[in-house]
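Notes to accompany the following structure.
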Amino acid sequence: MAEPVTTPASKPEGATGVLVLANGDVAWGRGFGAEGQAVGEVCFHTAMTGYQEIMTDPSFAGQIVTFTFPHIGNVGANPDDVEADAPHALGMIVREDPTAPSSFRAVENLDGWMRRHARIGLAGIDTRALTRRIRVGGAPTGVVAHSPTGEFDLDVLLAMAKGWPGLEGMDLAKSVTRETHGSWDGGVWRLGFGYRGEGASTSLSTSGKTAEDGQPPFALSEVEGQAQRPHIVAIDYGSKFNIFRNLVQAGAKVSVVPATATFDEVMALFPDGIFLSNGPGDPAATGEYAVPVIRQLLDTKLPLFGICLGHQLLALAVGAKTTKMFQGHRGANHPVKRLSDGAVEITSMNHGFAVERETLPAGVTETHVSLFDGSNAGLEVDGGRAFSVQYHPEASPGPQDSFYLFERFVGMTR
């Protein structure tokens with residue numbers, strides 16, 4: 001990071017973008033994507049691939065993502081590599097200017113994709129220094145801004161950064177969840193087939209909603225074997241699309257309900273199992289309305305599986321506590337130890353809150369731990385009818401280290 005800047009005269013020639021942190025630190029760079037400014041928590045992500053998936057992950061709502069890998073944008077953007085209908089991360093900070101894409105799958109460059117989705121990019125930043133700043137001082141609040149003229153009011157941007165309340169105590173699930181009940185009928189992506197290979201389609205079937213290419217999605221009855229598949233009802237706190245794809249791949253029929261769905265609304269769908277999705281924000285805030293429903297669902301003894309925010313909400317439902325992490329875990333290379341047999345899974349993580357293991361009550365067993373810092377990464381309730389993990393098995397960084405979790409869950413419902 002540069003030294004704190006107090007006058008616009010300190011701006012280097014050609015700067016069209018700036019990062020202003022709440023402590024007054026300023027870093028100048030080159031803006032791309034949309035013009036304007038965005039305020040949120042500045043975090044870093046260590047993945048070398050998947051920037052489009054990261055930007056569209058609803059768990060990044062309220063955050064500005066610093067990519068530690070310097071060459072972001074080199075494979076462009078396409079309609080397949082998304083985890084939601086639109087980006088949820090507020091913006092991105094990168095070392096090098098995005099180049100023209102070099103991939104046969106690209107349909108547009110990253111700059112155009114960011115502009116089209118009203119997301120701000122900032123290049124030319126010393127991302128190693130910024131990452132060290134986050135590791136030492138914690139994830140700060142900041143404003144990322146882009147103006148082609150290079151004109152910025154630093155006082156206004158600093159006031160925005162200082163005035164943002166932070167993620168602690170913030171319920172963001174309601175802002176990213178789907179609004180209505182729908183069914184998911186698409187499987188995992190295959191080269192040459194996309195998401196529609198072997199009779200699977202790509203998107204949620206909701207009133208008036210269509211797949212990416214404008215064609216109506218297949219109905220559930222058109223997907224091979226759906227009538228015999230166990231029915232999973234997923235509560236969407238901000239889920240990634242690929243979670244639903246993996247549930248289908250594991251043999252399930254999937255329905256999706258909003259984060260605010262009641263116990264009666266969930267049970268009216270006659271589920272064979274319940275899935276609690278990932279999502280953004282403070283789990284304690286989302287838990288105000290989610291935890292009572294989860295407790296009722298636990299009483300049914302139906303199989304239940306949670307990921308990330310779903311893991312944290314399950315922990316809260318059984319009486320444990322969560323806490324805000326100093327810098328969070330965000331990357332595609334996080335080793336996790338499975339305590340049952342000592343196996344190590346290479347996982348993808350994205351969370352800024354964690355379950356406090358010392359608060360896990362009797363009858364709840366810790367199943368996984370992070371090998372980076374020893375934090376809790378999984379739990380199991382009542383002999384395994386309900387379980388959850390603090391990482392993303394659907395992201396497949398291993399690449400298949402954790403797919404067994406989907407198979408285990410769907411197998412329990414049969």
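Atom set for the values below is all heavy atoms of this structure, side chains included, hydrogens, waters and symmetry mates excluded.
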### Task
May I ask you to say whether Glu394 pairs ionically with Arg245, meaning some side-chain N is under 4.0 Å from a carboxylate O?
no
### Task
Consider only side-chain N and O atoms of Glu345 and Ser402, and report whether a donor and an acceptor are under 3.5 Å apart.
yes
### Query
Is there a donor-acceptor contact under 3.5 Å from the side chain of Arg229 to the main chain of Lys253?
no
### Donor-acceptor under 3.5 Å (Asp282 side chain, Gly169 main chain)
yes
## Note on the structure
So OG of Ser348 and CG of Asn242: to nearest 0.5 Å the spacing works out to 10.5 Å
### side-chain hydrogen bond (donor to acceptor under 3.5 Å, both in side chains) between Glu83 and Gln52, worked out
CA-CA 8 Å; Glu83 293 293 349; Gln52 198 177 346; over 6 Å; no
### Task
Identify the two heavy atoms, one from Ala161 and one from Val143, that lie closest to each other, and give their separation to 0.1 Å.
N-CG2, 3.6 Å
### Query
Hey, mind stepping through Tyr51 and Asn74 against side-chain contact (heavy atoms from CB on, under 4.5 Å) and telling me if it holds?
CA-CA 10 Å; Tyr51 52 81; Asn74 51 351; 4.1 Å; yes
### Task
Determine whether Asn246 and Pro393 make a side-chain contact, defined as any pair of heavy atoms from C-beta on separated by less than 4.5 Å.
no
### Query
To the nearest 0.5 Å, how far apart are CD1 in Ile307 and CG in Leu313?
13.0 Å
### Query
Do the side chain of Asn278 and the main chain of Lys240 share a donor and acceptor less than 3.5 angstrom apart?
yes
### Message
Rounded at 0.5 Å granularity, tell me how far CZ in Arg116 sits from CG in Asp111.
### Response
12.0 Å
### Query
For atom CZ of Arg128, is the number of surrounding heavy atoms from other residues, nucleotides or ligands below 6.0 Å larger than 12?
no
### Query
Can any side-chain N or O of Asp382 pair as donor or acceptor with the backbone N or O of Arg385 at less than 3.5 Å?
no
### Message
Test: side chain to side chain donor-acceptor pair (under 3.5 Å). Region: residues 284-302. Which pairs qualify, not counting sequence neighbours?
### Response
Asp171-Thr286, Asp171-Tyr289
### Query
Taking NZ, NE, NH1 and NH2 as the nitrogens, is one of them in Asp272 or Arg414 under 4.0 Å from a carboxylate oxygen of the other?
no
### Task
Kindly give the heavy-atom pair with the smallest separation between Arg133 and Gly138, and that separation in Å.
NH1-O, 3.4 Å
### Leu379 vs Leu360, side-chain contact (heavy atoms from CB on, under 4.5 Å): CA-CA, chis, key distance, verdict
CA-CA 9 Å; Leu379 62 84; Leu360 293 174; 4.1 Å; yes
### Task
Spell out, as yes or no, whether a donor-acceptor pair under 3.5 Å connects the side chain of Ser277 to the backbone of Tyr237.
yes
### Task
Only pairs at least two apart or in different chains count here, so list each side chain to side chain donor-acceptor pair (under 3.5 Å) that has a residue in residues 87-101.
Arg30-Asp97
### Query
Judged by atom type as modelled, is there a donor-acceptor pair below 3.5 Å linking the side chain of Thr347 to the main-chain atoms of His334?
yes
### Asp85 and Phe241, any side-chain heavy atoms less than 4.5 Å apart
yes
### Message
Let me confirm one number: the CZ-OG distance from Arg178 to Ser239, rounded to the nearest 0.5 Å.
### Response
10.5 Å
### Query
What pairs meet the ring pair (Phe, Tyr, Trp, His ring centres under 6.0 Å) rule with one or both residues in residues 89-137, with sequence neighbours excluded?
Trp113-His117
### Message
Is there a side-chain contact (heavy atoms from CB on, under 4.5 Å) between His231 and Ser255? Walk through the geometry before answering.
### Response
CA-CA 7 Å; His231 185 203; Ser255 294; 2.7 Å; yes
#### Entry: Side-chain donor or acceptor of Asn350 paired with backbone N/O of Arg330 under 3.5 Å
no
### Task
Establish, yes or no, whether a centroid distance under 6.0 Å links the rings of His368 and Tyr391.
yes
#### Entry: Check: Glu41 side chain, Pro140 main-chain N or O, donor-acceptor pair, under 3.5 Å
no
### Query
Do the side chains of Thr127 and Phe44 get nearer than 4.5 Å, heavy atoms only?
no
### Query
What heavy-atom pair brings Ala377 and Met349 nearest, and what distance separates the two atoms?
CB-CE, 4.5 Å
### Message
A side-chain contact here means heavy atoms from C-beta on lying under 4.5 Å apart; do His392 and Cys308 qualify?
### Response
yes
### Message
Taking the six-membered ring of Phe32 as reference, does the cationic atom of Arg119 (NZ for Lys, CZ for Arg) lie under 6.0 Å from its centre and within 45° of its axis?
### Response
no
#### Entry: Where Thr413 and Gly273 come nearest, the two heavy atoms and their spacing
CG2-CA, 4.0 Å
#### Entry: Stepwise side-chain contact (heavy atoms from CB on, under 4.5 Å) check, Val94 with Leu122
CA-CA 6 Å; Val94 300; Leu122 180 60; over 6 Å; no
### Query
Do any pairs count as a ring pair (Phe, Tyr, Trp, His ring centres under 6.0 Å) and have a residue in residues 294-325, sequence neighbours left out, and if so which ones?
Phe275-Phe305, Phe305-Phe387, Phe305-Phe406, Phe305-Phe409
### Task
Identify whether NZ of Lys or CZ of Arg in Arg105 sits under 6.0 Å from the centre of the six-membered ring of Trp189 and within 45° of that ring's axis.
yes
### Query
Looking only at heavy atoms, what is the nearest atom pair of Val266 and Ala261, with distance?
CG2-CB, 4.2 Å
#### Entry: Val369 and Val336, any side-chain heavy atoms less than 4.5 Å apart
no
### Atom pair CG (Asp264) and CG (Leu269), whose distance is rounded to the nearest 0.5 Å
11.5 Å
### Query
Can you find a heavy atom in the side chain of Val65 that is under 4.5 Å from one in the side chain of Ile54?
yes
### Task
Verify, without hydrogens or angle tests, whether Arg338 (side chain) and Ser340 (backbone) share a donor-acceptor contact under 3.5 angstrom.
no
### Message
Counting only heavy atoms not in Lys324 (residues, nucleotides, ligands), do more than 12 fall under 6.0 Å from its NZ?
### Response
yes
### Task
Could you list the residues that satisfy salt bridge (Lys or Arg N to Asp or Glu O under 4.0 Å) with Glu53, not counting sequence neighbours?
none
### Value rounded to 0.5 Å, distance of CD1 in Ile72 from CD1 in Ile93
12.5 Å
### Query
Which residue pairs satisfy the side chain to side chain donor-acceptor pair (under 3.5 Å) criterion with at least one member in residues 355-365, sequence neighbours excluded?
Arg357-Glu366
### Query
Charged N to carboxylate O below 4.0 Å: is that the case for Glu35 and Arg115?
no
#### Entry: Heavy-atom check, side chain of Leu276 versus side chain of Leu314, under 4.5 Å
yes
### Side-chain heavy atoms of Val248 within contact of Trp184, under 4.5 Å
yes
#### Entry: Considering all heavy atoms, the nearest Ile232-Ala252 contact
CG1-CB, 3.5 Å
### Task
Spell out, as yes or no, whether a donor-acceptor pair under 3.5 Å connects the side chain of Thr322 to the backbone of Phe353.
no
### Query
Aromatic rings His351 and His329: how do their planes relate, parallel, tilted or perpendicular, breaks at 30° and 60°?
perpendicular
